[in-house]
Amino acid sequence: MNVLVVGGAGYIGSHCVRQLLAAGHRPVVLDNLVFGHRAAAPPDVSFYPANLGNEKEVGKILRKERIELVMHFAAYAYVGESVTDPLKYYFNNVAATLHLLRCMLGAGVKKFVFSSTCATYGTPEKMPITEDTPQAPINPYGQTKLDVENALKALARANGLSFAAFRYFNAAGAAEDGAIGEHHDPETHLIPLAIDAATGARPPLQVFGHDYPTPDGTCLRDYVHVDDLSRAHIAVFDRLSAPGAALFYNLGTGRPTSVLEVIRAVEQVTGKKVPYTLAPRRAGDPPALFADSTKAQKDLGWTIRYPDITAIVASAWRWHAAHPQGYARS
Ligand code: UDP
């Protein structure tokens with residue numbers, strides 16, 4: 001299938017591009033390189049450095065490349081920034097996505113795969129989180145993703161759009177061969193920061209909160225390998241053939257892992273100590289978030305090849321060891 005990967009030079013999008021190629025599809029990348037890296041997309045894949053909200057440009061690409069399905073990874077995703085600068089998030093994550101969708105419908109492209117998030121659930125009372133857990137985001141980032149989910153439902157009913165929205169838990173790790181990986185600027189995620197603390201590339205890690213009602217007092221999260229995430233996006237293709245399909249799936253391993261357990265995994269994999277300090281809680285961090293992904297496993301035959309945090313961290317370490325500065329500036 002000819003697939004436009006919006007945000008295909010970003011962390012999850014670039015891994016998905018490689019998985020698409022491996023599965024025999026033809027990805028085309030659109031990325032404005034605000035956060036993406038040109039080097040993260042294979043040089044022989046068509047690349048358009050455009051904005052997803054530019055209907056004229058995107059319309060041309062959809063027609064020229066005979067696109068049949070669009071995958072959309074291009075969102076801003078810093079929770080704290082979404083609280084201080086919500087307009088930026090509503091414009092990019094909601095408004096620009098609506099332009100993309102209008103453009104798709106205009107060009108007759110009616111299959112869509114959307115990166116959503118467990119942040120749409122807010123702070124649920126019960127764990128693990130199923131797709132039926134009530135959605136109540138606690139920050140504008142989560143709200144923008146939920147707003148798009150709701151728009152998609154309406155477009156499925158009114159326009160016959162078929163879509164899958166994947167609610168990611170904590171995307172982590174890197175491609176097995178270490179060729180592409182996670183490079184955010186600024187970096188706020190636990191695993192890359194812990195690795196950099198171990199190598200001395202950054203200051204000691206701050207562990208945000210150690211008095212949570214969890215076994216070791218630190219937050220529990222569900223780290224899911226980026227290649228596992230990517231494979232689900234392709235496994236859903238068959239289900240998007242029926243017009244108006246509206247599909248929602250959680251993607252996580254279902255295994256809660258604490259911050260201290262991640263630190264231990266980084267120490268084991270790198271053979272280095274992770275220097276850290278115990279710091280106050282970070283605003284907006286729920287004590288525990290982990291998924292029930294039974295639905296994706298049953299419906300899509302989705303399998304988790306990296307159920308174990310050590311293997312996930314090992315893949316992240318391969319990328320970091322080979323690219324200590326991340327990607328060259330693009
Ligand atoms: N965390 C931490 N120190 C850091 C970054 C993150 O203790 O420098 C904790 C954070 O409080 C959360 C977990 O690590 O409990 C995962 O955070 P991350 O930012 O990687 O992902 P999030 O769960 O916020 O999407």
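Below, each value reflects all heavy atoms present in this structure, side chains not excepted, and no hydrogens, waters or symmetry copies. We count ligands from 1, going down the list as the structure has it; atoms in each ligand are counted the same way.
The residues Arg281 and Asp211 are annotated as salt-bridged, a charged nitrogen and a carboxylate oxygen being separated by less than 4.0 angstrom. With respect to the salt-bridge test (charged N to carboxylate O, under 4.0 angstrom), the residues Asp132 and Lys295 do not qualify. The pair Arg26-Glu65 meets the salt-bridge criterion, with a side-chain N (NZ, NE, NH1 or NH2) lying under 4.0 Å from an Asp/Glu carboxylate O. A salt bridge is defined here as a Lys NZ or Arg NE, NH1 or NH2 lying under 4.0 Å from an Asp or Glu carboxylate O, and Lys111 with Glu68 fails to meet this definition. Ion pair Glu267/Lys272 not flagged as a salt bridge, since none of the NZ, NE, NH1 or NH2 atoms sits closer than 4.0 Å to an Asp/Glu carboxylate oxygen.
In terms of protein heavy-atom proximity, atom 1 (N) of ligand 1 is closest to Phe208 CD1, 3.7 Å. At the shortest separation from atom 11 (O) of ligand 1 among protein heavy atoms lies Asp285 OD2, 2.6 Å. With hydrogens left out, the protein atom closest to atom 16 (C) of ligand 1 is Tyr223 OH, 3.4 Å, a heavy atom. Scanning the protein for heavy atoms near atom 9 (C) of ligand 1, the closest one is Val259 CG2, 3.8 Å. What sits closest to atom 20 (O) of ligand 1 on the protein, heavy atoms only, is Leu190 N, 2.9 Å.
Residue His189 touches ligand 1 through backbone and side chain together, judged by heavy-atom distances below 4.0 Å. With a 4.0 Å heavy-atom cut-off, ligand 1 is reached by the side chain of Leu193 but not by its N, CA, C or O. When heavy-atom distances to ligand 1 are checked against a 4.0 Å cut-off, Ile191 has no atom that comes that close, whether in backbone or side chain.
Which parts of ligand 1 touch Cys219 is read off a 4.0 Å heavy-atom cut-off, strictly below it: atoms 15 (O). Below 4.0 Å from some heavy atom of Asn170 lie the following atoms of ligand 1, by number and element: 16 (C), 21 (O), 22 (P), 23 (O), 25 (O). Interface of Thr188 with ligand 1, defined as ligand atoms under 4.0 Å from a residue heavy atom, comprises 5 (C), 19 (O). The ligand atoms of ligand 1 that sit less than 4.0 angstrom from a heavy atom of Leu205 are 8 (O). Every atom of ligand 1 with a heavy atom of Val207 under 4.0 Å away is listed here by number and element: 7 (O). Numbered from 1 in the order shown, with element, the atoms of ligand 1 that lie under 4.0 Å from a heavy atom of Gln206 read 2 (C), 3 (N), 4 (C), 7 (O), 8 (O).
For ligand 1, one of its N or O atoms has an N or O atom of Arg282 under 3.5 Å away.
Counted within 6.0 Å of CZ on Phe35, heavy atoms from surrounding residues, nucleotides or ligands total more than 12; the atom is thus considered enclosed.
Aromatic ring centroids of Phe166 and His233 lie under 6.0 Å apart.
In terms of modelled atom types and a separation under 3.5 Å, the side chain of Ser162 and the main chain of Ala242 share a donor-acceptor contact. Put simply, the side chain of Asp228 gets close to the backbone of Tyr306: a donor and an acceptor are under 3.5 Å apart.
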His189 vs Glu187, side-chain hydrogen bond (donor to acceptor under 3.5 Å, both in side chains): CA-CA, chis, key distance, verdict: CA-CA 6 Å; His189 294 99; Glu187 186 56 80; 2.9 Å; yes

